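In what follows, chains are A, B, ... by sequence order, proteins preceding strands, each numbered from 1. Remember, it's a predicted structure, so these values are computed and weren't measured experimentally.
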There are 2 protein chains.
Amino acid sequence: MHSPELLKGTLQTILLKVLTDNGKMYGYEITQKVKELSMGRILLTEGALYPALHKLEAEGLLQTETVLMGKRVRKYYTITPIGKSLVKERVAEFRDFIKTMSSVLQVQMA
Amino acid sequence: MHSPELLKGTLQTILLKVLTDNGKMYGYEITQKVKELSMGRILLTEGALYPALHKLEAEGLLQTETVLMGKRVRKYYTITPIGKSLVKERVAEFRDFIKTMSSVLQVQMA
DNA sequence: GTCCTATACATAATTCTCTTATGTATCAAG
DNA sequence: CTTGATACATAAGAGAATTATGTATAGGAC
């Protein structure tokens, strides 16, 4: 992660949403996509990314498919139906959080 | 804290902003104000609040004044000039974070 | 008169999430 | 033949919060 403490707790939401929008992706590809979407402001670190992906898989929100590209291993992640229902909740939760914070900080977040 | 992981890293910003907007306040009063502003969604816990206030004081962003109300002790906090300049940065940082997240999650945060 | 809730401060132990560090390995460019 | 990008993974440590605990006053319910 590049930006400060604020990102804590948003990683799962980011992963689920990016996988929802882009279909099958592998870890490194996700870091690049998030970097692109955030205009370089969110740089996922491997130490956070891989454990998070493993956890989401263990919870049945993602499923994997390992592919050999030449001699390189790639592990593709796809969101499951359960994951799809959760991502909606998570994004809604995030929007709620923004509304609440706007109210507390008395600022317009448009 | 009541809401999930999302609030991590926002506590300092909340404290500085609330003290900027409301002038002199004491700990318990801050929890009530934040509860009110957030419509009951952000419930500051004492274990987070007091260490955070002490830290901000140690850093010179807040200054204190202890008052005896009857037999009860109250510790009032006021934001310092240094604190005032920081709160602007923090709020701006938060708005940036929202913009970035909106872009990554591909949602409108209006 | 006593118990519960609210007010009011504070700290310690624990948990959770992420960063930093480390490790392995392929591949292309210069 | 070395460097940087690609590609995975785990372990040690740091930071911020939750939960638990402690002290104490005050008011209302019962």
Side-chain angles (χ1 to χ4, degrees), chain A residues 1-16 24-36 38 40-59 62 64-77 90 93-94 97 101, chain B residues 1-16 24-36 38 40-59 62 64-77 90 93-94 97 101:
Chain A
M1 296 285 198
H2 171 253
S3 298
E5 299 302 321
L6 297 173
L7 282 162
K8 297 233 178 190
T10 61
L11 180 55
Q12 279 200 9
T13 306
I14 290 172
L15 297 179
L16 292 171
K24 199 195 300 190
M25 293 181 94
Y26 56 97
Y28 187 79
E29 190 184 6
I30 294 173
T31 66
Q32 299 309 301
K33 189 68 183 174
V34 170
K35 185 178 173 184
E36 178 202 324
S38 68
R41 293 201 188 84
I42 301 180
L43 305 173
L44 302 184
T45 59
E46 294 160 301
L49 176 69
Y50 294 113
L53 287 172
H54 298 164
K55 196 185 168 199
L56 291 171
E57 188 189 359
E59 289 168 352
L62 299 180
T64 59
E65 187 189 337
T66 301
V67 176
L68 263 174
M69 300 293 287
K71 288 177 184 173
R72 293 265 271 285
V73 176
R74 265 190 199 165
K75 204 164 164 185
Y76 281 95
Y77 288 86
R90 287 296 176 83
E93 212 172 72
F94 188 76
F97 165 68
M101 283 297 291
Chain B
M1 296 286 198
H2 171 254
S3 298
E5 299 302 320
L6 297 173
L7 282 163
K8 298 232 176 189
T10 61
L11 180 56
Q12 280 201 8
T13 307
I14 290 172
L15 297 178
L16 293 171
K24 200 195 300 189
M25 295 180 94
Y26 57 98
Y28 187 79
E29 190 183 7
I30 295 174
T31 66
Q32 299 309 301
K33 189 69 185 174
V34 171
K35 185 178 171 183
E36 179 202 325
S38 68
R41 293 202 188 83
I42 301 181
L43 305 173
L44 301 185
T45 59
E46 295 160 300
L49 176 69
Y50 293 113
L53 287 172
H54 299 164
K55 196 186 169 198
L56 290 171
E57 189 190 358
E59 288 168 354
L62 299 179
T64 61
E65 187 188 337
T66 302
V67 176
L68 262 172
M69 299 295 286
K71 287 178 185 172
R72 293 264 271 283
V73 176
R74 265 191 199 166
K75 205 164 163 184
Y76 281 95
Y77 289 86
R90 287 296 176 84
E93 211 173 72
F94 188 76
F97 165 68
M101 282 298 289

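The stretch residues 65-73 of chain B comes close to DNA chain D through B/Lys71, B/Arg72, each having a heavy atom under 4.0 Å from the strand.
Counting heavy atoms from C-beta on, the side chains of B/Thr13 and A/Leu6 never come closer than 4.5 Å. Between B/Leu44 and B/Leu11, some side-chain heavy-atom pair lies under the 4.5 Å cut-off. The shortest distance between side-chain heavy atoms of A/Thr64 and A/Tyr76 does not fall below 4.5 Å. Side-chain contact check for B/Glu57 versus B/Lys75: some heavy-atom pair is nearer than 4.5 Å.
Of the candidate nucleotides D/dT19, D/dT10, D/dA17, D/dT19 has the atom lying nearest to any side-chain atom of B/Thr45. Comparing D/dT19, C/dA8, D/dC8 by their closest approach to the side chain of A/Tyr26 singles out D/dC8. Candidate nucleotides C/dT11, D/dG15, C/dC9 were compared by shortest atom distance to the side chain of B/Lys75, and C/dC9 ranks first.
One interatomic measurement links the two molecules: CG of A/Leu44 to C1' of C/dT20, which rounds to 16 Å at whole-angstrom precision. Rounding to whole angstrom units, CD1 of residue A/Ile30 and C1' of D/dA9 are separated by 15 Å. Atoms CG (B/Leu7) and C1' (D/dA16) sit 12 Å apart, rounded to a whole Å. Rounded to whole Å, the distance from CZ on B/Arg74 to P on D/dT23 is 23 Å. Protein atom OH of A/Tyr50 is 14 Å distant from nucleotide atom C1' of C/dG23, rounded to whole Å. For the pair B/Met25 CE and C/dA8 C1', the interatomic distance rounds to 14 Å; values are reported in whole Å. To the nearest angstrom, P of C/dT17 lies 15 Å from CG of A/Leu53. Distance CG (A/Leu6) to P (C/dT17): 17 Å, rounded to an integer number of Å.
Between the B/Glu59 side chain and the B/Leu56 main chain, no donor and acceptor come within less than 3.5 Å of each other. Side chain of B/Gln32 to main chain of B/Glu29: no donor-acceptor pair is present (N/O by atom type, distance under 3.5 Å, no hydrogens or angles).
B/Gly47 comes within contact range of at least one nucleobase, with a heavy-atom separation under 4.0 Å.
For C/dC18, the OP1/OP2 oxygens have no side-chain nitrogen or oxygen of B/Lys8 closer than 4.0 Å. Taking 4.0 angstrom as the limit, A/His54 places none of its side-chain polar atoms (N or O) nearer than this to OP1 or OP2 of D/dC8.
Mapping B/Glu46 and A/Glu29 onto DNA chain D via the closest heavy atom, the residue that lands nearer the 5' end is A/Glu29.
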Go through the steps to decide whether B/Lys24 and B/Glu65 satisfy the test salt bridge (charged side-chain N to carboxylate O under 4.0 Å, His left out), and finish with yes or no. CA-CA 9 Å; B/Lys24 200 195 300 189; B/Glu65 187 188 337; 3.6 Å; yes
